[in-house]
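Let me begin by presenting the structure, written as structure tokens, before commenting on it.
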Amino acid sequence: MEKPRKSVRRKSRGVTIDEVAALAGVSPMTVSRVMNNHGKVRDSTRERVMQAVRELDYTPNLAASSLAAAQHTRIALIYTNPSGAYLREMLVGLLRVASRTSIQLVIDYWDNLDTDAERKAARAMAGKVDGVILPPPLCESHAAVSEFVRAEVPVVAIAAGRSSEEISCVRIDDLRAGKELAEYLIAQGHTRIGFIKGRPDLSASSNRYEGFQMAMHEAGLPVDASVVQQGDYTYRSGLKAAEKILSGKRPPTAIIASNDDMAAAAVSVAHRRGLDVPRDLAVVGFDDTSAATMVWPELTTIHQPMASMANAAIDILLRTIRRKDRTTRVLVDQVVPHKLVVRGSAAPPPKRG
């Protein structure tokens, strides 16, 4: 007697985007781009993906579409920054936002690349991510920026010193902040103020110094070139600059450094020379990184809200990536507020008997 045929019921399981990607020989991100009809995808690749979709009878899970879109949105942070404290502040802010939005954050370090190497690295990265965040100095690299723009990958410059006609920016008003810092010292009675400049190839550096000059000019005070020295945002450059400033015949009663690392170095030089900070020498910094509270006395500085800037940068990128109309570029120049943080490193100048 023939046994009755056992009915076979296929276990209910939806086909995943990873299975489609594996069959088509592409990444899940490419499948997402094809299904959502955004981003540049070659016609041959698009056809392979659609063939895999038909073959597997793939239907996107609409209930999870927003989460899936976030999980397959890759945003790159590309950096080459000599200030470890500055980088830490930026990374913490970005990682918090990335965790909250479920995006994939790709972190890449470009170490002293020349122009051609930057172009090649940008071209390679453009094919792997949906958006890019560029901090200084890369945000002012024409080679890198132009490659991303050519590939139609949205870019946001974070902590840029100026607006751009090519990419979106999130920044503070460095000129105004530099002016406020100098005005604070002038209000305390300082008339001879030294200055340690940041990297000369960055607009934020020139803006901060220009703000200092404006405050001095408006107060009728001269800017003495002998107490102005070039730095490059590193602690070591701050040591050299402060040593030159304080070894002159007429040292200043206050020093403004273009970032906290160099300000911390200036405090160290002052201590080595037997000067009390702030009684003999006031020292102020910029950015309010962890370096500002790791020295004694803690630094008076300009707070640059890196967490808020990171949040704004990712928000701009996500809105750009998810726009249905990608034919016109919409650039954003978002200026976030800064504030002067007063701590123990600045005081009125000593009275001369």
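Ionic pairing of R150 and E147 is present here: one or more N-O contacts between side-chain nitrogen and carboxylate oxygen are shorter than 4.0 angstrom. With respect to R199 and D232, no salt bridge is recorded, no charged nitrogen being found less than 4.0 Å from a carboxylate O. For the pair D288 and R343, the salt-bridge criterion is met [side-chain N within less than 4.0 Å of a carboxylate O]. Salt-bridge formation is detected for the pair R208/D287: a Lys NZ or Arg NE/NH1/NH2 atom is positioned less than 4.0 Å from an Asp or Glu carboxylate oxygen. The residues K120 and D116 are annotated as not salt-bridged, no charged nitrogen and carboxylate oxygen being separated by less than 4.0 angstrom.
Atom OG of residue S258 and atom OH of residue Y209 lie 10.0 Å apart, to the nearest 0.5 angstrom. Taking CD of Q334 as the reference point, atom CD1 of I172 lies at 13.5 Å (rounded to 0.5 Å). Here CG of L134 is found 10.5 Å from CD1 of I158. Values are rounded to the nearest 0.5 Å.
In the displayed structure, H271 atom NE2 is contacted under 6.0 Å by more than 12 heavy atoms of other residues, nucleotides or ligands. Counting non-hydrogen atoms of neighbouring residues, nucleotides and ligands closer than 6.0 angstrom, the CZ atom of R236 reaches no more than 12 such neighbours. Within 6.0 Å of CZ on R96 lie no more than 12 heavy atoms contributed by other residues, nucleotides or ligands. Enclosure of atom CZ in R176 is not indicated, since only 12 or fewer non-hydrogen atoms of other residues, nucleotides or ligands lie within 6.0 angstrom.
There is no path of hydrophobic side-chain contacts, each under 4.5 Å, that joins V335 to L331. Transitive grouping of hydrophobic side chains (ILVMFWY, heavy atoms separated by less than 4.5 Å) keeps L175 and F286 in distinct clusters. Linking Ile, Leu, Val, Met, Phe, Trp and Tyr whenever their side-chain heavy atoms come within less than 4.5 Å puts I107 and I103 in one cluster. With hydrophobic clusters built from ILVMFWY side chains whose heavy atoms lie under 4.5 angstrom apart, V342 shares a cluster with L185. One hydrophobic cluster, built from ILVMFWY side chains closer than 4.5 Å, cannot hold both V341 and L181; they sit in different ones.
Each of H303, Q304, E180 was evaluated against H338; a single residue qualifies, E180, per the side chain to side chain donor-acceptor pair (under 3.5 Å) test.
Under the 3.5 Å distance criterion, the side-chain polar atoms of D260 are matched with a main-chain donor or acceptor of T289. Side chain of R273 to main chain of L246: a donor-acceptor pair is present (N/O by atom type, distance under 3.5 Å, no hydrogens or angles). A side-chain donor-acceptor contact under 3.5 Å links E140 to the backbone of S203. Counting only distance, with no hydrogens or angles, the side chain of T80 and the backbone of W110 share a donor-acceptor pair below 3.5 Å. The backbone N or O of V156 sits nowhere less than 3.5 Å from a side-chain atom of S168 that would complete a donor-acceptor pair. Under the 3.5 Å distance criterion, the side-chain polar atoms of Q104 are left unmatched by any main-chain donor or acceptor of I75.
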